[in-house]
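Since we're looking at a predicted model, the values are computed, not measured. Read the numbers this way: they start at 1 and go in the same order the structure lists the ligands and their atoms. Basis for what follows: all heavy atoms, side chains included, without hydrogens, waters or symmetry-related copies.
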Amino acid sequence: MDITEEIKNLKKAKNAVIIAHNYQLPEVQDIADFTGDSLELSRKAMELEGFDVIVFCGVRFMAETAKILSPGRKVLLPEADAGCPMADMADPEGLLKMKEMHPGAWVVSYVNTSAAVKALSDVCCTSANADAVVRNAPRDKVIFLPDRNLCWYVRQKVKGKEIVCWDGYCIVHRRFKPGDVAMARKLYPSGEVIVHPECDPEVQSLADGVYSTSGMLRRVRESLSGVFIVGTEEGLIHRMKIENPGKTFYSLGPARTCSNMKKTTLSSVKNALVQDRYPVELDPDVIRGARRALERMIEYI
Ligand code: 13P
Ligand code: SF4
């Protein structure tokens with residue numbers, strides 16, 4: 001039997017739902033019940049009813065977020081070591097020190113953080129709502145972690161608050177360079193250059209627009225342009241092509257891939273369902289603290 005058929009049958013037998021981030025391999029996106037960005041998938045995990053198991057095709061912090069929002073369900077991460085190097089750049093000890101250095105500051109954590117860091121934060125955000133979350137923070141001073149580039153983006157958008165940036169970054173998005181934008185302008189003069197806020201400030205400043213992955217999908221749908229140069233993990237282009245058959249998409253510079261996002265394959269999804277692996281387990285206190293920060297984000301926006 002074809003592996004996609006096997007997965008469909010297993011899904012039914014286990015009463016499972018498969019959700020996949022926009023950066024997953026095309027064939028994994030194609031078998032998912034839902035695809036989306038971090039914010040959409042967090043919401044989906046909370047709203048879903050009638051399923052016993054969530055198979056989360058993405059990286060660990062995303063599966064943890066699903067578990068925090070749906071603690072009563074089994075959440076499976078098909079590849080145990082699919083992590084996010086940027087999330088690993090922020091640790092609870094370092095955050096406690098930073099809080100001591102900036103007493104009274106409101107801690108805003110990007111969802112790309114461990115559950116333990118979320119539990120020490122006042123509120124979470126995603127790249128789709130980071131500026132709104134910081135704007136709505138009830139304090140004048142904010143600690144923003146872990147992405148220094150998203151933090152720079154928020155500083156451009158939100159005036160009147162002191163924002164202290166953590167020094168983390170995404171190893172994939174930092175590979176986009178200003179020269180890639182110059183080259184794209186030369187090759188596709190009528191193309192629209194859209195980039196993710198995890199890119200370096202120089203790249204963001206040269207682009208036509210800066211968007212989260214869901215923001216990029218919306219922009220591509222609504223823009224009158226027919227050609228787009230996309231500065232984010234190349235997996236997103238799969239969905240752009242499906243949703244916009246009349247438009248043309250190029251990666252900004254050579255296609256950049258997140259090796260962690262690409263660890264999940266159809267075989268790992270099948271094995272996850274057959275062997276119930278790898279369940280996300282979190283300490284109940286961590287779940288409680290992290291849930292408060294995530295729920296606040298959802299209330300804020
Ligand atoms: P989104 O929040 O846009 O889905 O991005 C998540 C991510 O990991 C970007 O690198
Ligand atoms: Fe983490 Fe960057 Fe991969 Fe997103 S693209 S999961 S931020 S390493």
J.: How far is atom 6 (C) of ligand 1 from the closest protein heavy atom, and which atom is that?
T.: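 Going atom by atom, the protein heavy atom closest to atom 6 (C) of ligand 1 ends up being Ser38 OG, 3.4 Å.
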
J.: Does an N or O anywhere in Thr213 fall below 3.5 Å from an N or O of ligand 1?
T.: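 Between Thr213 and ligand 1, an N or O pair is found under 3.5 Å apart.
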
J.: May I have the step-by-step check of side chain to side chain contact (heavy atoms under 4.5 Å, CB included) for Asp33 and Lys11, ending in yes or no?
T.: CA-CA 10 Å; Asp33 298 293; Lys11 215 172 59 169; 2.8 Å; yes

J.: Considering non-hydrogen atoms of the protein only, which is the closest contact for atom 3 (Fe) of ligand 2, and what is the distance?
T.: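 Here the closest protein heavy atom is Cys258 SG, 2.4 Å.
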
J.: Look at Arg256 together with Asp180 and state whether they make a salt bridge at an N to O cut-off of under 4.0 Å.
T.: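 Looking at Arg256 and Asp180, the cut-off is met.
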
J.: Can an N, O or S atom be found in Cys84 less than 2.8 Å away from atom 1 (Fe) of ligand 2?
T.: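 Given the 2.8 Å cut-off, Cys84 counts as a ligand of atom 1 (Fe) of ligand 2.
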
J.: Nearest to atom 10 (O) of ligand 1, what protein heavy atom do you find, and at what distance?
T.: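 Protein heavy atom at minimum distance: Glu198 OE1, 2.8 Å.
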
J.: Can the ring centroids of Tyr250 and Tyr188 be said to lie less than 6.0 angstrom from one another?
T.: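 Yes, the ring centres sit under 6.0 Å apart.
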
J.: Could you check whether any heavy atom of Ser127 sits closer than 4.0 Å to an atom of ligand 1, since that is the contact criterion I want to use?
T.: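 Yes, Ser127 has a heavy atom closer than 4.0 Å to ligand 1.
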
J.: Any N or O of Ser214 that comes nearer than 3.5 Å to an N or O of ligand 1?
T.: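 In fact, backbone or side chain, Ser214 has no N or O that close.
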
J.: Just need the protein heavy atom nearest to atom 2 (Fe) of ligand 2, so name the residue and atom and give the distance.
T.: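 Going by distance alone, atom 2 (Fe) of ligand 2 is nearest to Cys170 SG, 2.3 Å.
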
J.: Atom 8 (S) of ligand 2: which protein heavy atom is closest, and how many Å away?
T.: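 The protein heavy atom lying closest is Pro85 CD, 3.6 Å.
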
J.: Could you walk me through whether Asp37 and Met216 pass the side chain to side chain contact (heavy atoms under 4.5 Å, CB included) check?
T.: CA-CA 10 Å; Asp37 73 355; Met216 283 187 185; over 6 Å; no

J.: Do the side chains of Lys97 and Glu100 get close enough for a salt bridge, i.e. N-O under 4.0 angstrom?
T.: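 No, no charged N to carboxylate O under 4.0 Å.
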
J.: If we only consider heavy atoms of Met86, is any one of them less than 4.0 Å away from an atom in ligand 2?
T.: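 Yes; Met86 lies near enough to ligand 2 that a heavy-atom distance drops under 4.0 Å.
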
J.: Using a 4.0 Å heavy-atom cut-off, which part of Asn112 comes near ligand 1: side chain, backbone, both, or neither?
T.: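 Asn112 to ligand 1: side-chain contact only, backbone stays beyond 4.0 Å.
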
J.: Is a salt bridge present between Glu243 and Arg239, judged by a nitrogen-to-oxygen distance below 4.0 Å?
T.: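 Salt bridge present between Glu243 and Arg239.
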
J.: Which atoms of ligand 1 sit under 4.0 Å from any heavy atom of His173?
T.: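 Listed by number with element: 10 (O).
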
J.: Can you tell me which portion of Glu198 lies within the under-4.0 Å heavy-atom range of ligand 2? Options are side chain, backbone, both, or neither.
T.: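 Side chain only.
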
J.: Identify the residue among Ile237, Val195, Leu252 that makes a side-chain contact (heavy atoms from CB on, under 4.5 Å) with Val230.
T.: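 The side-chain contact (heavy atoms from CB on, under 4.5 Å) with Val230 is passed solely by Ile237 among Ile237, Val195, Leu252.
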
J.: Specify the protein heavy atom at minimum distance from atom 5 (O) of ligand 1: its residue, its atom name, and the distance to 0.1 Å.
T.: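 Ranked first by proximity to atom 5 (O) of ligand 1 is His196 NE2, 3.5 Å.
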
J.: Report the part of Met86 in contact with ligand 1, treating N, CA, C, O as backbone and CB onward as side chain, heavy atoms under 4.0 Å; options are side chain, backbone, both, neither.
T.: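 Answer for Met86: neither.
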
J.: Is the closest basic N to carboxylate O distance between Asp276 and Lys74 below 4.0 Å?
T.: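 A salt bridge links Asp276 with Lys74.
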
J.: Which heavy atom of the protein is the closest neighbour of atom 4 (O) of ligand 1, given with residue, atom name and distance?
T.: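 It is His21 NE2, 2.7 Å.
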
J.: Any salt bridge linking Lys262 with Glu233? Criterion: basic side-chain nitrogen under 4.0 Å from a carboxylate oxygen.
T.: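 Salt bridge flag = yes for Glu233 with Lys262.
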
J.: Below 4.0 angstrom, N of the basic side chain to O of the carboxylate: do Asp208 and Arg185 qualify?
T.: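 A salt bridge is present here (some side-chain N lies under 4.0 Å from a carboxylate O).
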
J.: State whether Tyr211 and Arg219 meet the cation-pi test: NZ (Lys) or CZ (Arg) under 6.0 Å from the six-membered ring centroid, and within 45° of the perpendicular axis.
T.: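 No, a cation-pi geometry is absent between Arg219 and Tyr211.
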
J.: Are Asn112 and ligand 2 in contact, using a heavy-atom cut-off of under 4.0 Å?
T.: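 Distance cut 4.0 Å: Asn112 passes for ligand 2.
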
